[in-house]
Undergrad: 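Handing you a structure now.
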Amino acid sequence: MNKTRTKDVVDAGAGGGGSGADARKRRAFQRRIDRDDKIEAGDWMPDEYRKSLVRQLSQHAHSEIIGMLPERNWLTRAPSLQRKAILLAKIQDEAGHGLYLYSVTETLGARRDDLIDDLHAGRAKYSSIFNYPALTWADIGAIGWLVDGAAIVNQISLCKTSYGPAARAMTRICKEESFHQRQGYDILWKLTRGSAAQRDMAQDAVNRWWWPALMMLGPRDDDSTHGAQSLRWKIKRHSNDAIRRKFLDQTVPQLQALGLDAPDPDLRYDEKSGHWRHGDIDWDEFRRVIGGAGQCNKQRLKAARRARQSQAWVREAAAAYQAKRAAAA
Ligand code: FAQ
């Protein structure tokens, strides 16, 4: 990844250097950030701050929407009516998270349709994690436990993001995500206490989702394009590696309670630092997946485009109803 881009943004952004009215505004903006003031929708902000927020928030919104697809496959195959109802509620929550986040981008002047066009044309990113297939029911457990678990650790930190509307959306999202994480853990808990075949199925799912879950928290800090500037603007409150460490520290004891193993022979507890340490992450795989060559990238975008087309009538009906009510008022 290109490290000079972070520097370019720092120089162009709230750097505080330069003279004139614009530089004064930028310095005052950075002082607000340093004081932990929340930036609100109508406030002055550097254009780069606005763009960086739209980039991160829209990628997150796309991830919530595309993230429904691996789980959707299991709605018709959930092992009981209760599991089906729970999964349905979870997937609906993810749609809601996508909608809150698109709404936040609209407060920054973005147009939802443009963002979705970018996603469908392959110009916008969404989380790498959703390009892996959900092969068995245990994968639904692993997604809830590991994927929602990683997402929560990151999003709890983002509840303190400097942009007020994003911080408030994130607070609500986190409440729902914690239910998602528990439902995933509960699925794996039951499987690990079932037959040998069920336990093997749980282990197999953990083997396949473990590394992608660590990767989804973003590249190493040294390779993070936006990390330094996002931390300075408090768009992000912790670096990618710091969040990954927190996730690992939270997750390993849960793995041990399940009685499952991590597919990482180098996983160890470091007494000195008091943190768990993982082995080498395959960053080539991460780059391949975010570059469009993951197992399911094509299939995910195809499903998203098809859904937009087939559901156009719902949007048209809602717009017609709204117009009718406005005319009657
Ligand atoms: N996948 O400079 P950084 C969920 C890109 S929600 C794809 O370090 P940043 C809930 C990055 O965009 C999961 N691309 O980037 C759920 C950038 O590319 P760009 C999503 C990635 O923004 C559960 C480049 O690499 N959560 O799971 C990924 O400072 C179950 C350089 O990276 C969020 O989006 C990746 N994993 O840090 C839903 C949370 N990582 O834009 C359904 C908000 C990095 O220059 C079912 N986002 N890239 O072309 C964030 O916290 C940050 O954006 C990070 C990345 C931490 C993801």
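Indexing begins at 1, ligand by ligand and atom by atom, following the structure's order.
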Undergrad: Applying side chain to side chain contact (heavy atoms under 4.5 Å, CB included), name anything that partners Asn73, two or more places apart in sequence or on another chain.
TA: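 Asn73 satisfies side chain to side chain contact (heavy atoms under 4.5 Å, CB included) with Arg77 once adjacent residues are dropped.
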
Undergrad: Quick one: does ligand 1 sit under 4.0 Å from the side chain of Asn154, the backbone, both or neither, non-hydrogen atoms only?
TA: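 Looking at Asn154 and ligand 1, just side chain atoms fall under 4.0 Å.
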
Undergrad: What do you reckon, does Arg55 have a nitrogen or oxygen under 3.5 Å from a nitrogen or oxygen of ligand 1?
TA: yes

Undergrad: Is a side-chain N or O of Arg237 found less than 3.5 angstrom from the main chain of Leu158, in a donor-acceptor match?
TA: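 No, because the side chain of Arg237 does not come within donor-acceptor range (under 3.5 Å) of the backbone of Leu158.
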
Undergrad: Select one of side chain, backbone, both or neither to describe which atoms of Val289 lie under 4.0 Å from any atom of ligand 1, heavy atoms only.
TA: neither

Undergrad: Can you name the residues that form a side chain to side chain contact (heavy atoms under 4.5 Å, CB included) with Ile86, not counting sequence neighbours?
TA: Gln82, Phe179, Gln183

Undergrad: Taking non-hydrogen atoms only, is Glu71 closer than 4.0 angstrom to ligand 1 via side chain, backbone, both or neither?
TA: side chain

Undergrad: With distance as the sole test, does Thr192 use its side chain to make a donor-acceptor pair with the main-chain N or O of Trp189 at under 3.5 Å?
TA: yes

Undergrad: Under a 4.5 Å cut-off applied to non-hydrogen side-chain atoms, are Val104 and Met170 in contact?
TA: no

Undergrad: Any heavy atom of Leu158 sitting closer than 4.0 Å to ligand 1?
TA: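 Judged by the 4.0 Å heavy-atom criterion, Leu158 does count as contacting ligand 1.
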
Undergrad: With the threshold set at under 4.0 angstrom, would you say Pro219 reaches ligand 1 through any of its heavy atoms?
TA: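 Yes, Pro219 has a heavy atom closer than 4.0 Å to ligand 1.
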
Undergrad: Backbone or side chain, does any N or O of Asp148 fall under 3.5 Å from an N or O of ligand 1?
TA: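 Asp148 vs ligand 1: no N/O contact under 3.5 Å.
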
